[in-house]
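Predicted, not measured: the structure shown is a model, and the values here were computed from it.
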Amino acid sequence: ERVGPQAQPLWFTADGLEQATRPTVAALRAAHFVASGAHRIADLGCGLGFDAIAFAQAGMSVVAVERDETTAEYARANITELGLSESVEVLNVDAVSFDALAHGCDATFVDPARRLNGQRVKDPAQWSPSWSDALRLATSTPMGCLKVAPGIDHALPPLSATTSWISDGGDLVEACVWLGVAG
């Protein structure tokens, strides 16, 4: 129910499903990037590919980056299942060393892993990538966004950032820290 009818033919892992962005929320974020002028986006920490799918469906070309080999394969399968392989390239590499500008991206979306062994990781320094690495990655292109938990410490984002909180069906589900012209 959380991921909607579009997800019926898609591939999942239990961890991936637990952390997957709701399609309605991913579509909202993708529309914001497009309205801000984004054309090619790096989706760092793409997981099962829900955000990459939304970015492609909104008209952007996507470089989806996932460190875990199995999860990257699931993302590829999901993107192929939806006929989006022409718009989305999935790379099995570590986001921390990814150079979005070298891949022609004008926008970056970073979704750090905030769970470990089924538990939420509250310390942003322990996220993967860590808060400092995620912030560096999100500011490596003219537009950037960090997906974070809605309980983010309000002092954490830089003063130049705009933070938005997103609810879906009356549930507060995430926050987005927007950087650059996308803010």
Side-chain angles (χ1 to χ4, degrees), residues 1-10 12 16-66 74-76 78-91 95 98 100-101 103-114 134-135 137-152 154 157-158 160-183:
E1 170 185 308
R2 174 178 178 245
V3 293
Q6 171 184 295
Q8 191 172 9
L10 302 183
F12 299 99
L17 187 56
E18 186 176 302
Q19 297 181 57
T21 301
R22 297 172 188 221
T24 53
V25 174
L28 178 70
R29 185 173 22 253
H32 186 80
F33 269 112
V34 169
S36 298
H39 299 286
R40 183 166 171 81
I41 190 164
D43 178 357
L44 306 182
C46 75
L48 298 172
F50 280 41
D51 283 289
I53 289 164
F55 294 141
Q57 289 174 333
M60 287 183 274
S61 67
V62 185
V63 181
V65 173
E66 176 54 51
Y74 275 67
R76 270 189 207 97
N78 290 338
I79 287 156
T80 300
E81 180 68 33
L82 294 176
L84 298 171
S85 298
E86 292 291 317
S87 300
V88 183
E89 175 185 15
V90 178
L91 302 178
F98 185 76
L101 286 176
H103 283 82
C105 298
D106 58 4
T108 304
F109 173 65
V110 186
D111 184 0
R114 297 176 308 282
L135 191 58
L137 293 164
T139 57
S140 68
T141 55
M143 295 176 235
C145 178
L146 285 155
K147 176 183 169 182
V148 295
I152 185 173
H154 293 245
S160 61
T162 300
T163 304
S164 59
W165 284 263
I166 301 169
S167 67
D168 185 48
D171 294 328
L172 182 60
V173 294
E174 69 181 58
C176 292
V177 177
W178 294 95
L179 301 141
V181 296

**Student:** For the atom pair OG1 (T139) and CG (L179), what is the distance rounded to the nearest 0.5 Å?
**Tutor:**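 That separation rounds to 6.5 Å.
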**Student:** Please identify each residue that fulfils ring pair (Phe, Tyr, Trp, His ring centres under 6.0 Å) with H39, with sequence neighbours left out.
**Tutor:**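 Not a single residue meets the ring pair (Phe, Tyr, Trp, His ring centres under 6.0 Å) criterion with H39.
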**Student:** Evaluate the criterion side chain to side chain contact (heavy atoms under 4.5 Å, CB included) for residue pair H103 and L91; output intermediate values, then yes/no.
**Tutor:** CA-CA 11 Å; H103 283 82; L91 302 178; 3.9 Å; yes
**Student:** Taking S85's backbone N and O only, do any of them form a donor-acceptor pair with R76's side chain (distance below 3.5 Å, no angle check)?
**Tutor:**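 No, the answer is negative, given that no donor and acceptor are paired below the 3.5 Å cut-off.
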**Student:** Say whether, by atom type as modelled, one donor and one acceptor occur between the side chain of S87 and the main chain of A56 under 3.5 angstrom.
**Tutor:**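 No: the side chain of S87 does not pair with the backbone of A56.
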**Student:** Do P158 and L135 come within less than 4.5 Å of each other through their side chains, counting heavy atoms only?
**Tutor:**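 Yes - at least one pair of side-chain heavy atoms lies under 4.5 Å apart.
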**Student:** Just verifying a value: how many Å separate S164 OG and E174 CD, rounded to the nearest 0.5 Å?
**Tutor:**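 Going from the OG atom of S164 to the CD atom of E174 covers 8.0 Å.
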**Student:** Quick one: does any side-chain atom of W165 pair with a main-chain N or O of A175 as donor and acceptor, under 3.5 Å?
**Tutor:**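 Not at all, since once roles are kept as given, no pair shorter than 3.5 Å links the two residues.
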**Student:** Do R29 side-chain atoms and C145 backbone N/O form a donor-acceptor pair below 3.5 Å?
**Tutor:**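 Checking the backbone N and O of C145 against the side chain of R29, no donor-acceptor pair under 3.5 Å is found.
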**Student:** For the pair F109 and W178, evaluate ring pair (Phe, Tyr, Trp, His ring centres under 6.0 Å) and give the outcome as yes or no after the intermediate values.
**Tutor:** CA-CA 9 Å; F109 173 65; W178 294 95; 8.1 Å; no
**Student:** Between atom CD1 of I152 and atom NZ of K147, what is the distance when rounded to the nearest 0.5 Å?
**Tutor:**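 The distance works out to 13.0 Å.
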**Student:** Given side chain to side chain contact (heavy atoms under 4.5 Å, CB included), test I166 with L28 step by step and report yes or no.
**Tutor:** CA-CA 9 Å; I166 301 169; L28 178 70; 4.2 Å; yes
**Student:** Could you tell me the separation between the OG1 atom of T108 and the CG atom of L101, rounded to the nearest 0.5 Å?
**Tutor:**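 Reported to 0.5 Å precision, the distance equals 7.0 Å.
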**Student:** Grab the two heavy atoms, one from A95 and one from L137, that are nearest each other, plus how far apart they are.
**Tutor:**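 It is O-CD2, 3.4 Å.
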**Student:** To the nearest 0.5 Å, how far apart are CZ in F98 and CG in D43?
**Tutor:**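 That separation rounds to 10.0 Å.
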**Student:** With no hydrogens and no angle check, is any side-chain donor or acceptor of N78 less than 3.5 Å from a backbone partner on G49?
**Tutor:**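 Checked: no pair found.
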**Student:** Looking only at heavy atoms, which two atoms of G144 and F33 are closest? And how far apart?
**Tutor:**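 So the minimum-distance heavy-atom pair works out to C-CZ, 4.3 Å.
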**Student:** Calculate, to the nearest 0.5 Å, the distance between atoms CD and CG belonging to E66 and L48 respectively.
**Tutor:**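 Spacing of CD (E66) from CG (L48) equals 8.5 Å.
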**Student:** What are the two closest heavy atoms between I79 and A52, and how far apart are they?
**Tutor:**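 Smallest interatomic distance, heavy atoms only, reads CD1-CB, 4.4 Å.
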**Student:** Can any side-chain N or O of E89 pair as donor or acceptor with the backbone N or O of V63 at less than 3.5 Å?
**Tutor:**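 Not a single qualifying donor-acceptor pair exists.
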**Student:** Under the side chain to side chain contact (heavy atoms under 4.5 Å, CB included) test against F55, which residue among V34, I41, L84 passes?
**Tutor:**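 The single option meeting the side chain to side chain contact (heavy atoms under 4.5 Å, CB included) with F55 is I41.
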**Student:** Compare every heavy atom of S140 with every heavy atom of A100, then report the nearest pair and how far apart it is.
**Tutor:**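 Result for this residue pair: CB-OG, 4.1 Å.
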**Student:** Take V148 and C176 through the side chain to side chain contact (heavy atoms under 4.5 Å, CB included) test and state the conclusion after the steps.
**Tutor:** CA-CA 6 Å; V148 295; C176 292; over 6 Å; no
**Student:** Using only atom types and a distance under 3.5 Å, with no angle test, would you say the side chain of D106 pairs donor to acceptor with the backbone of R40?
**Tutor:**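 At least one qualifying donor-acceptor pair exists.
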